[in-house]
Amino acid sequence: MSGIDEIAKVDPEIAQVIRDELYRLRHKIELIASENFPSRAVLETAGTVLTNKYAEGYPGHRWYGGCEFVDVAEELAVARAKSLFEAEHANVQPHAGAQANTAVYFCALQPGDAILGMEKTAGGHLTHGTAANISGALYDAHFYSLNRETEMLDFGEIAEVARNCRPKLIIAGGSSYPRDIDFAAFRAVADEVGAMLMVDMAHFAGLVAGKVHTDPVPYAEFVTTTTHKTLRGPRGGMILCRERFAQSLDHAVFPGVQGGPLMHIIAAKAVALKEASQPEFAAYASQIVKNSRALAAALQERDLRLVSGGTDTHLLLVDLRPLGLTGDNVEEALDAVKITANKNNIPFDDKPPAITSGIRLGTPAVTTRGMREAEMVEIADLIALVVKNMGSQEVMRRVRERVEELLAGFPLYPDL
Ligand code: PLP
């Protein structure tokens, strides 16, 4: 009897939600750049009795008895994170990426201190100083943007903004920047203005693990990440830092911004980190980028404009303005042909976030499914057909058929 059947005995409605979601995942092309399909081992670990345990504190120093086994899980996760990323210290307790970032701010800053992050429409994240987020409410947030011509980071401009606002912390990394990042250049700016550097590698952590993206660890005091994007682990967060911040960072996570850690998720992070240290994972990371480049080239051959002219990572941003379209409409049209992606602001976008002038595409999930460059060309063809024939029921019907044919060759979680 499967786990879902067991759930159905108690709660048929939720069992149906799970079946429906599994069906959706199997029958749509997943191009959301921040999503992935973790292994069965990761999924199973996340659904175990380890969820029952209260373990406030850290291994060997808990506020509850009975932690001898969950301690082993957390020690393994920490050791594997340190070894994989060659970090001096790791904290694997953040429940998610937002909490990881908040904990770093709580550790490194006082309320009112100046911080400098990437503007959200340029690719930055909500937690890098946006007014609606605690990072913008508690700290004096400043932003750098991108070069208008190249749509890439411009260290001349970043240095100028930093000289003007004198931040205590500079934040590098984001959610929709398709290019590799020169962390040495960020370090130089931070050193010039006497700032600390935090790199949020949530999106590209798996590429760093697979050595196909510049490694931020040697350059930054703090490196934060999610564990569920390119790293292909359970939904969660993690922080790496220099040894001199180890104690204060741990204190900032618990009791600073969190209570009891999610031990089932920490154990699942340990499993994912073990997987990420294997040679197969490096091959996976490298294929993500090859696929992303192949998708980019095939879209460009079909006359779609990409922000910055391409990609070095797992994601790319299509500028829909030349087609006279908006992100919300294209997201909906793609969904109707079983392609899942998300609307996204592009640099210097004049459309609000609920509309946007762009669509963000990513290859981590389709690469996990086993797709390679040839399938990326097929996907680019399907996307181009949709955006050039908006509203044509006949084109939508043909594209849906081709999506089904394509997915049939790449089964997902066949034994779930
Ligand atoms: N940092 C970056 C760069 C992200 O892209 C995200 C999520 O999209 C986060 C932080 C927040 O992660 P979470 O959704 O796990 O809180």
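Ligands are counted one by one from 1 in listed order, and the atoms in each one are counted from 1 as well.
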Those atoms of ligand 1 less than 4.0 Å from some heavy atom in Ala202: 1 (N), 2 (C), 3 (C), 4 (C)
Pick from Leu299, Asn291, Leu361: which one makes a side-chain contact (heavy atoms from CB on, under 4.5 Å) with Met376? Asn291
Ligand 1 atoms in contact with His203 (distance to a heavy atom under 4.0 Å): 5 (O)
Taking only non-hydrogen atoms of Lys229, do any sit less than 4.0 angstrom from ligand 1? yes
For Arg235, state whether at least one heavy atom is located under 4.0 Å from any atom of ligand 1. no
heavy-atom search around atom 14 (O) of ligand 1 in the protein gives His228 NE2, 4.7 Å
Examine the proximity of ligand 1 to Ala96 and report which part, side chain or backbone, both or neither, has a heavy atom under 4.0 Å away. both
Just checking, any donor-acceptor pair under 3.5 angstrom between side chains of Thr326 and Asn329? yes
Within ligand 1, which atoms have a heavy atom of Thr226 less than 4.0 Å away? 12 (O), 15 (O)
Could you tell me if Arg232 sits above the aromatic ring of Tyr284, with its cationic atom closer than 6.0 Å to the ring centre and no more than 45 degrees from the axis? yes
Before we go on, tell me: are the rings of Phe222 and Phe245 under 6.0 Å apart, centre to centre? yes
Which residue and heavy atom of the protein sit nearest atom 11 (C) of ligand 1, plus the separation: His125 CE1, 3.4 Å
What's the separation between atom CE in Met201 and atom CG in Leu240, rounded to the nearest 0.5 Å? 5.0 Å
Go through the side-chain N and O atoms of Glu56 and Gln258 and say whether any donor and acceptor fall under 3.5 Å apart. no
Asp200 N/O under 3.5 Å from ligand 1 N/O: yes
re atom 16 (O) of ligand 1, the protein heavy-atom contact at minimum distance is Ala98 N, 2.9 Å
Give me the nearest non-hydrogen protein atom to atom 13 (P) of ligand 1 as residue plus atom name, then the distance to 0.1 Å. Gly97 N, 3.5 Å
Between Gly173, Gly237, Ser175, flag the one that comes closest to atom 5 (O) of ligand 1 by a heavy atom. Ser175
Is it true that Thr356 and Asn344 share a donor-acceptor pair across their side chains at a distance under 3.5 Å? no
Does a donor on one side chain and an acceptor on the other come within less than 3.5 Å for Asp349 and Ser357? yes
Is it true that Asp215 and His213 share a donor-acceptor pair across their side chains at a distance under 3.5 Å? no
Per-atom contacts, ligand 1 versus Gly174 - under 4.0 Å to a heavy atom: 3 (C)
